[in-house]
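Just so you know, these numbers come straight off a predicted model, no measurement behind them. Throughout, protein chains are lettered first and strands after them, A, B, ... in sequence-line order, and every chain is numbered starting at 1.
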Protein chains: 2
Amino acid sequence: MATTRRERLRAETAAEIKAVARRHLVAGGPQAVSLRAIARDVGMTAPGLYRYFPSLDELVNALADDLYDELAAALARAGAPLPAAEAGARALAVCRAFRAWSVAHPAEFGLLLGPADTEERLARAARRFEGIFATLSTDLWRQYRFPAPVEVDPALAAQLDAWRQRAGSAVPTPALRVLLGYWVRLYGLVSLEVAGHLRAVLGDAEPLFEETLREFAEALGLGAAYRRPAPERAT
Amino acid sequence: MATTRRERLRAETAAEIKAVARRHLVAGGPQAVSLRAIARDVGMTAPGLYRYFPSLDELVNALADDLYDELAAALARAGAPLPAAEAGARALAVCRAFRAWSVAHPAEFGLLLGPADTEERLARAARRFEGIFATLSTDLWRQYRFPAPVEVDPALAAQLDAWRQRAGSAVPTPALRVLLGYWVRLYGLVSLEVAGHLRAVLGDAEPLFEETLREFAEALGLGAAYRRPAPERAT
DNA sequence: CCCTGGATGTGAACGGTGTTAACAAGCTAA
DNA sequence: TTAGCTTGTTAACACCGTTCACATCCAGGG
């Protein structure tokens, strides 16, 4: 706590600026995040914001960082109450939390996992989610040793091997392939739902999501342990 | 061909405007599509464009319509040379064409299937892709009668039934469930790849994509008929 | 043939945007 | 108390979408 009074105030207004920016993001989409409008709401003039962020883009990047933290915290919080011995149940809870957060915060989801306008933001997303996926996948493998396809395409196997080495994972290649496949399904489902492309077909995407989770649980060999969730609680 | 000379010229410049808009879209992303910049490149002043489109948003909508046509044509062209008796091979070709087009045109993909900023554009996307999915799925079912999960969650089944009725499909509910699942995987995969979120993990996404297609082929019961594609050709 | 009317495009203007520069005030520390 | 860094302002520049009044030009009818 070696924070001087100045630094504390500075951090506070920086936080307020990001909060206002977020309000504008959810209210009017990405293009409604304007420096001048934010400044108005904060009670400053636009150039004043440059004392806190070097550009609008960097402001948005900072906001994105906060949102990554928030999402990661939500995922962690969802898995925490469950016993570590039940990695499967934890994984399911994390998946549900991922969908719940995304559906509750579509604009923020677009910023974090939508088409990455900046190479910068792309790298941030990768850094964050690689870690989560790595720990979750090793936990799942260590506990269940679920069946995996006998053979993986050599080119794909090489890529997965490289990733395992880079990320320091211990999951064998075929199992990694299985889990990556489910991550793709999860992302596809949530992404479609958040973008609204599923509303036209399904209305409510939850049943399809839950059934996908059930398939996931079965693939992991904990089919019977699957349970429908309690009525969800947003964050 | 009851087109007067005026109408022809008008259509020509409208097309040129959209072409320039597209160039700006791919060059600098969605926010680089500016009325004034387009006007400059076309050789007009900005207000002149209002004789052709009532607003920038409508211009982009018109461009999106063209792109839907282009994508749909690319998919049709991919399936056309294959014999109608092999619906499975056609489906695989269409899937590959979908990925090829999307990867070759990431900016356009973002406009068509990314987060829909307008309810308007969302409806357009739904209209287009529902049709393609409907015909493709009925063809697949008629020909293969592939195995499907014994039971579908009642809530999900009700939604699928409603959609079948609305879209005039003839595919039974469990089969529809299977195909929808693969559409989600396909979309998730391509969406991740186009957004760049897969580069950090895989580098090249083609092996994973092809393996997913192989799984798809096996699920349809035409496992042996799967063949790796010839070196792809972009459009 | 003219010539009238609609189609097409221009210039000016309004309010909005991001960003920079020069400048004023205020708090902190010596 | 004073010097200096921090914070915020105002003015300005260049861009944006959009509207309005005005010019121009081409097509069709007298």
Side-chain angles (χ1 to χ4, degrees), chain A residues 1-64 107 111 117-118 120-121, chain B residues 1-64 107 111 117-118 120-121:
Chain A
M1 279 293 150
T3 66
T4 150
R5 165 186 157 83
R6 271 247 252 263
E7 286 172 354
R8 204 179 50 233
L9 286 186
R10 180 176 179 77
E12 253 173 50
T13 63
E16 185 188 351
I17 292 171
K18 286 185 286 188
V20 171
R22 182 177 183 175
R23 281 213 311 267
H24 287 211
L25 174 68
V26 317
Q31 70 169 4
V33 179
S34 93
L35 216 50
R36 290 186 130 105
I38 295 171
R40 264 193 299 273
D41 280 21
V42 175
M44 277 203 305
T45 55
L49 297 184
Y50 281 82
R51 301 292 168 187
Y52 296 88
F53 303 95
S55 79
L56 174 60
D57 233 49
E58 287 302 317
L59 196 170
V60 175
N61 276 340
L63 174 58
L111 181 60
D117 17 317
T118 316
E120 171 75 12
R121 227 150 26 231
Chain B
M1 277 296 150
T3 65
T4 151
R5 166 189 156 80
R6 272 247 254 261
E7 286 173 354
R8 203 178 52 234
L9 286 186
R10 178 175 179 78
E12 254 172 48
T13 61
E16 186 188 351
I17 291 171
K18 286 185 284 188
V20 171
R22 180 176 185 176
R23 281 212 312 267
H24 287 210
L25 174 69
V26 318
Q31 71 169 359
V33 180
S34 92
L35 215 51
R36 290 185 129 105
I38 294 171
R40 264 194 299 273
D41 281 21
V42 175
M44 276 202 307
T45 55
L49 297 184
Y50 282 81
R51 302 290 168 186
Y52 296 88
F53 302 94
S55 78
L56 174 60
D57 233 47
E58 286 302 317
L59 195 171
V60 175
N61 277 339
L63 174 58
L111 180 60
D117 18 317
T118 316
E120 170 74 14
R121 267 213 279 286

Problem - Partners meeting side-chain contact (heavy atoms from CB on, under 4.5 Å) with A:Ala107 (sequence neighbours left out) - result: A:Leu25, A:Val26
Exercise for the section: Using a heavy-atom cut-off of under 4.0 Å over every strand shown, decide if A:Tyr50 touches base, sugar-phosphate, or nothing. Expected result: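 Answer is base: heavy atoms of A:Tyr50 come under 4.0 Å of a base.
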Exercise for the section: Pick base, sugar-phosphate or nothing for B:Phe53, based on heavy-atom distances below 4.0 Å to the nucleic acid. Expected result: nothing
Problem - Residues within residues 55-63 of chain B bordering DNA chain D, heavy-atom distance below 4.0 Å - result: B:Ser55, B:Leu56
Pick out the pairs of N or O atoms, protein on one side and nucleotides 22-27 of chain D on the other, that lie under 3.5 Å.
unit_1	atom_1	unit_2	atom_2	d
D:dA27	OP1	B:Arg5	NE	2.9

N/O donor-acceptor pairs under 3.5 Å from side chains in residues 41-59 of chain A, not counting sequence neighbours:
unit_1	atom_1	unit_2	atom_2	d
A:Asp41	OD2	A:His24	NE2	2.9
A:Tyr52	OH	A:Thr13	OG1	3.1
A:Ser55	OG	A:Asp57	N	3.3
A:Ser55	OG	A:Glu58	N	3.1

Handout entry: Where chain A begins and ends its contact with DNA chain C, read 5' to 3' at 4.0 Å from heavy atoms
Key =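 So the outermost contacting nucleotides come out as C:dT17 to C:dT28.
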Problem - Contact list for DNA chain C against residues 8-19 of chain B - heavy-atom distance below 4.0 Å - result: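 Output list: B:Arg10.
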Problem - Interface with DNA chain C, restricted to residues 23-40 of chain B and to heavy atoms under 4.0 Å - result: B:Arg36
Handout entry: Check: A:Leu9 and A:Arg6 side chains under 4.5 Å, non-hydrogen atoms
Key = no
Handout entry: Counterpart residues, side chain to side chain donor-acceptor pair (under 3.5 Å), relative to B:Glu120 (two or more places apart)
Key = B:Arg124
